[in-house]
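In what follows, chains carry the letters A, B, and so on, assigned in the order in which the sequence lines appear, proteins first and then strands, with residues in each chain numbered from 1. Only a predicted model underlies this, so the values are computations on that prediction, with no experimental measurement involved.
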Amino acid sequence: MTSLALHPDRLFPADPSTREVARRLYDSVKDLPIISPHSHVPPEWISDDIPFRDPTSLLITPDHYVTRLLHAHGVPLHELGVGAGELDEDASRAAFRHLCAHWGVYAGTPVRYWLESELVDIFGVTEVPTAQNADAVYDQVAEWIARDSSRPRALMESFDIEVLATTDDPCDDLAHHKALSEDPTFSRRMVPTFRPDRYLEPGRTDWNAHTDRLAEVSGIACDSWAGWVAAMENRREHFRAHGAVSTDHSHKDLRTDVLEVADAERIYAAARSGSITAHQAEALQRHMLTEMARMATDDGMTMTLHPAVARNHHGPTFERYGADVGADIPVDVEVTRALAPLLNRYGTSPNLRLVVFTMDETVFSRELGPLAGFYPSLYVGVPWWFLDAPDAIRRFRKAVTESAGFGKTSGFIDDTRAFCSIPARHDMSRRLDSVHLAELVVEHRLREEEAAEVVHALVADNPRKVFSL
Amino acid sequence: MTSLALHPDRLFPADPSTREVARRLYDSVKDLPIISPHSHVPPEWISDDIPFRDPTSLLITPDHYVTRLLHAHGVPLHELGVGAGELDEDASRAAFRHLCAHWGVYAGTPVRYWLESELVDIFGVTEVPTAQNADAVYDQVAEWIARDSSRPRALMESFDIEVLATTDDPCDDLAHHKALSEDPTFSRRMVPTFRPDRYLEPGRTDWNAHTDRLAEVSGIACDSWAGWVAAMENRREHFRAHGAVSTDHSHKDLRTDVLEVADAERIYAAARSGSITAHQAEALQRHMLTEMARMATDDGMTMTLHPAVARNHHGPTFERYGADVGADIPVDVEVTRALAPLLNRYGTSPNLRLVVFTMDETVFSRELGPLAGFYPSLYVGVPWWFLDAPDAIRRFRKAVTESAGFGKTSGFIDDTRAFCSIPARHDMSRRLDSVHLAELVVEHRLREEEAAEVVHALVADNPRKVFSL
Amino acid sequence: MTSLALHPDRLFPADPSTREVARRLYDSVKDLPIISPHSHVPPEWISDDIPFRDPTSLLITPDHYVTRLLHAHGVPLHELGVGAGELDEDASRAAFRHLCAHWGVYAGTPVRYWLESELVDIFGVTEVPTAQNADAVYDQVAEWIARDSSRPRALMESFDIEVLATTDDPCDDLAHHKALSEDPTFSRRMVPTFRPDRYLEPGRTDWNAHTDRLAEVSGIACDSWAGWVAAMENRREHFRAHGAVSTDHSHKDLRTDVLEVADAERIYAAARSGSITAHQAEALQRHMLTEMARMATDDGMTMTLHPAVARNHHGPTFERYGADVGADIPVDVEVTRALAPLLNRYGTSPNLRLVVFTMDETVFSRELGPLAGFYPSLYVGVPWWFLDAPDAIRRFRKAVTESAGFGKTSGFIDDTRAFCSIPARHDMSRRLDSVHLAELVVEHRLREEEAAEVVHALVADNPRKVFSL
């Protein structure tokens, strides 16, 4: 057996003087509460305080970061429980053995870093997982799951999560959020996020059905563009009333556009009647996204955008297992021209806050930094999804800071459904921002006192400001 | 108050052995004279030795590097004097207070680095600017401005600027340059740069007016393509006679093309008669740019290209404040296919020198390095505008050197209208090239003696060779 | 004279603790045999054990890495022997003097690194080449060439090349490979590679001629799509029988597509009759490439793809000197959408191994890492051509590892026709992978024992697995 431990200086650079500064900066923020303004944690976990079921459904099955690499090394997804419903103990242990036996494939990836952090810090595991000790590690995690202190609400406390945002459909009644906000025993904060993608893509075959439901839930007829706008405003208001601070958008690109009202009405009518062309659908979608920005200048909800992912890249996998199983692949994105219509109209509105996330690193220095360094409304989203990893995060700060500074970047978002990875993800971000700043300090580009102010702002102030928390 | 000082090792890496080599390399070039083959300093400043007016118009208002980040943090441009004409003292002080109060937003940016260098090295300021000491800092800069030794010509001496290139319209009479060249008391060199963009874009609504003026100034009828070519050659000759060594070009992309002469004449006639189509205008523009290269092979003027910026991205800002106020945003660029027509025709002409600048870093290793490593005429321009910053410059050398070496990169250009930032900008470049070379030395990729030759070449020889100085 | 020596720590970072780990990791793999699954060494060199002719034809003329930079600095290609046939001694010495006199232009490039390694380790040169000592260096290399131990087969032994893959036309009879495999005195392994580009581009003017020859050589009529498929399968089988483990593909982009069989037949017929349109030619080419993947799932040959190079960028150079003289320039590439049709059909086939090489670094983190981290069949090719260089290799590992791990990258390929550079190229790769891993170790991201396993896998296991060796 090989012992597993977390080094206190992990992620810090080897150079002794830089490491020393990084350590001091990190120490100044490591115990600050976690603010998580974008996650995929199901709200009922918290509202109903549902205990986790078993190690595999906690750590493997729902986490496409974990399953994709096993799949890439030949493990079929169904052997990991994907698309399989609740696993019996044999199947659950078999899946867990796959993970442990393939521990080596995660070398150098952030998944390894997060899992090691969880194993040691949360579950108390002290051995590197292997095919041989898989059952023992499973037992240890299972034993942890069985404790009262391992239930989601207790973890909100012990992880020190101050705010947790979920991601929700505009037609959701937000009952879980309501229940939680009325529960005096819950001292933390869970807020919904308005995620209207499917209502903003009139080219989808299910768009009319969703729009019908939007009309029904809002009580506002959606037979006209004006009606759709009013219904959307109604649902945003519902979300605001339940604590929402942001809307979240992911389309195939970032293109925005502004139609004349008459054109919007005409194309909208075509969409409702099922006679919309592909070209019109695209035009209307871009107009709808811009209209969301207009609403944001009115109601103050922050607007996050993370475009340009080819979802469900492998058809047979999608047909068998559905979405979100690790087969979403980034494509290149364009920002400067795409957002021009929106920014020309609303980019200097004092009430707008727009955060653009990307997995196309080329736009960090070329487009997002320059844009955020001019438009007061625009913030550069921190590295996300495939880029939420040490080297990518280091590249991000180097690519963006010189044109946008630190103040025009969003705070860290974990974007995860892997609840137990949240502390490790935020800790990684704090360590890496400390390292970036430490390098500026030792190269005499920033005084250490100011670096300490900056790292505090990145952890505590930027997310509160960007998401009005 | 926090004291402000410049560390002698600033921008040098923490590793002691690398730092020691970097220091030695830097020491060998730090006192070499400044060669500035591309700037935006108004020529009358030097020819008429116009004193600077006040700290705000010296350091803030005309410098979009400074104003854009204040704007991004909510300061309206007019409060910084942009578009406001000459400020009275109250307004000037108020603008200066904005800068000092927002000192933190520049952390990690090159603007901070340049301003700190200027404050300490030029103005003698010893405190970090804040909202509280803004007036005192203002007074100190104002007092410096009042000295005789602070006038532009004296600064040309004390900054040790050997050559300074301005940027000029082809129809400019270059009277300031003429006056200066005839002035025996001026021992430095100021040269004009031929910047014909507006004459090369026949799709512009003002193209015919500019062309009329070209005909008038050159005394050559521009009613035919042949006439336009002759008029352009005439103006280039005028510039050559006044010391010009380069022409400078910025269009939306890098595309070049070669038309048959008959087609050029036909499309040119359409442009003059106002009946040109968008497609024709593009074709003629690309042909005109290629024709500029042809002229360059004849008269030996270096041709610099820096395409792919979406100028005046925010319409309302442009309408209120005009151009060059910080709202120009880069877009992606393509080089390999775009320059093929030009390079096929003139790429191996011994008399051509072509320098391509970019803000799209993706082309450094993919296209510019490989092209410059084959075509004798092509040089990779050093990082420019948003990329003229420590981390970006480090990336540039790493991206370009392995395919193009050091000898096929242009020397440093400061590209600035902020006169007092020129020494700091060149100093930054010398430090960073020294750091890049020091790393090669300590990794045993280059002997230190050869690294010393290279850094001397980068500072002193490359710009002289590339710009025939 | 300046003495020339190779430092044992070359390419290792300055930081002492990182260097120490890198040294240990490198020591553990430096003496492993060389596996070269992709090269351009002519097979007759090995089968006929042809002695090298002279220093210039060994080190300069056929190596476009060397000639391109001399050309960029004004040396005409014909003075380097390009396109000149066999050089007499005077011409050979003159070319060699060009190289020595221009030694400085290679500073910071991998060519310098490889040449220095060869000069010291292979030829025993102890002085830095200069214009002055060029003849002496020439003599020393010429003397080395004259030895029996310098013939290709002896070098296969002394370089410890276990496997060497050549690159061959599908119609090649592979007589050299056959002779060698039947020669009991040859204890190494040389395998052919199936390179069918010209047969897969029905838009080429010579496609019909090549297809006629394919029919002739295979003995299978190629007058139908089915015939073409059968003929291709026949030739693949011929290659398999002579030891081939991979097919190699380079087209202008990566686009794949699947036609209905009837459409394939119809368009194929149009191609054969010379009436194919450009659009059809493109469609058929994409279908043919996908069909190659289908064959690969049947016969198990690994498929390597390296698209997106503008070959023969400078027409006049191509007309005078032909292909492969240093004028091929990369363009941007797209992977995610381009490979979707192929991957949807064959991406999870257990028998398929697909390796994608690129010179467009932007796809490493954005597309290739994510794709290889999901599809079991897909491997990320290591940096190639212009990117086979220290800084680019460092960027590659940082860009790819976090999403694809180490196990989904191909082993190193040298891709060279410069036989004597093979050891230096593989050594460079081993050093740099050791450095990357050492950094993970000192930053406590990977235990050193595991790093040692990984570097061994990268050098010895990955290439054997990816290329079934």
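In this structure, the portions of B:Val331 lying under 4.5 Å from any heavy atom of chain A include both its backbone and its side chain. Using a 4.5 Å cut-off between heavy atoms, B:Arg394 makes no contact with chain A at all. Using a 4.5 Å cut-off between heavy atoms, A:Arg447 contacts chain B through its side chain alone, with no backbone atom that close. Contact of A:Asp15 with chain B is made through the side chain alone, with heavy-atom distances under 4.5 Å. Of the two parts of A:Thr401, the backbone and the side chain both hold a non-hydrogen atom closer than 4.5 Å to a non-hydrogen atom of chain B. Contact annotation for A:Leu343: both backbone and side-chain heavy atoms come within less than 4.5 Å of a heavy atom of chain B. Looking at A:Ala14, there are no atoms closer than 4.5 Å to chain B (heavy atoms on both sides), in backbone or side chain. For A:Glu367, the parts lying near chain B are the backbone and the side chain together; criterion is any non-hydrogen pair under 4.5 Å. Only the side chain of B:Leu387 comes within contact range of chain A, judged by heavy atoms closer than 4.5 Å. For chain A, the nearby part of B:Phe12 is the backbone; its heavy atoms alone come within less than 4.5 Å. Only the side chain of B:Thr2 comes within less than 4.5 Å of a heavy atom in chain A; its backbone stays farther off. Proximity to chain B (any heavy atom under 4.5 Å) is restricted, for A:Leu446, to the side chain, taken from C-beta onward.
Ranked by heavy-atom pairs under 4.5 Å with chain A, the list B:Pro76, B:Gly315, B:Ala327, B:Pro110 is led by B:Ala327. Of all the listed residues (B:Arg112, B:His64, B:Glu116), the one sharing the greatest number of non-hydrogen pairs under 4.5 Å with chain A is B:Arg112. Listed options A:Glu443, A:His444, A:Glu361 were ranked by heavy-atom pairs under 4.5 angstrom with chain B; first place goes to A:His444. Between chain B and the residues A:Val335, A:Val454, A:Thr18, A:Thr336, the most heavy-atom pairs under 4.5 angstrom are made by A:Thr336. Among A:Ala404, A:Gly369, A:Gly407, A:Ser403, the residue with the largest count of heavy-atom pairs under 4.5 Å with chain B is A:Ser403. Contact tally against chain B (heavy-atom pairs below 4.5 Å) for A:Leu440, A:Thr362, A:Leu371, A:Val442: the top residue is A:Leu371.
With a 4.5 Å cut-off on side-chain heavy atoms, A:Phe364 and A:Thr358 count as touching. Inter-residue side-chain proximity for B:Val75 and B:His102 is flagged as met; some heavy-atom pair is nearer than 4.5 Å. Under the 4.5 Å side-chain criterion, counting only non-hydrogen atoms from C-beta, B:Pro13 is in contact with B:Val435.
Using a 4.0 Å cut-off between a side-chain N of Lys or Arg and a carboxylate O of Asp or Glu, B:Lys30 and B:Asp427 do not qualify as a salt bridge. Remark: A:Arg24 engages A:Glu448 in a salt bridge, criterion side-chain N to carboxylate O under 4.0 Å. A salt bridge is defined here as a Lys NZ or Arg NE, NH1 or NH2 lying under 4.0 Å from an Asp or Glu carboxylate O, and B:Arg337 with B:Glu334 meets this definition. A salt bridge does not link A:Arg366 to B:Asp332: none of the charged side-chain nitrogens sits closer than 4.0 Å to a carboxylate oxygen. With respect to the salt-bridge test (charged N to carboxylate O, under 4.0 angstrom), the residues A:Arg445 and A:Glu450 do not qualify. Ion pairing between A:Arg294 and A:Glu291 holds under the 4.0 Å rule for side-chain N and carboxylate O.
Taking the centre of each ring, A:Phe357 and A:Trp385 stay at or above the 6.0 Å mark.
B:His314 and A:Asn344 are not linked by any side-chain donor-acceptor pair at a separation below 3.5 angstrom, with hydrogens and angles left out of the test.
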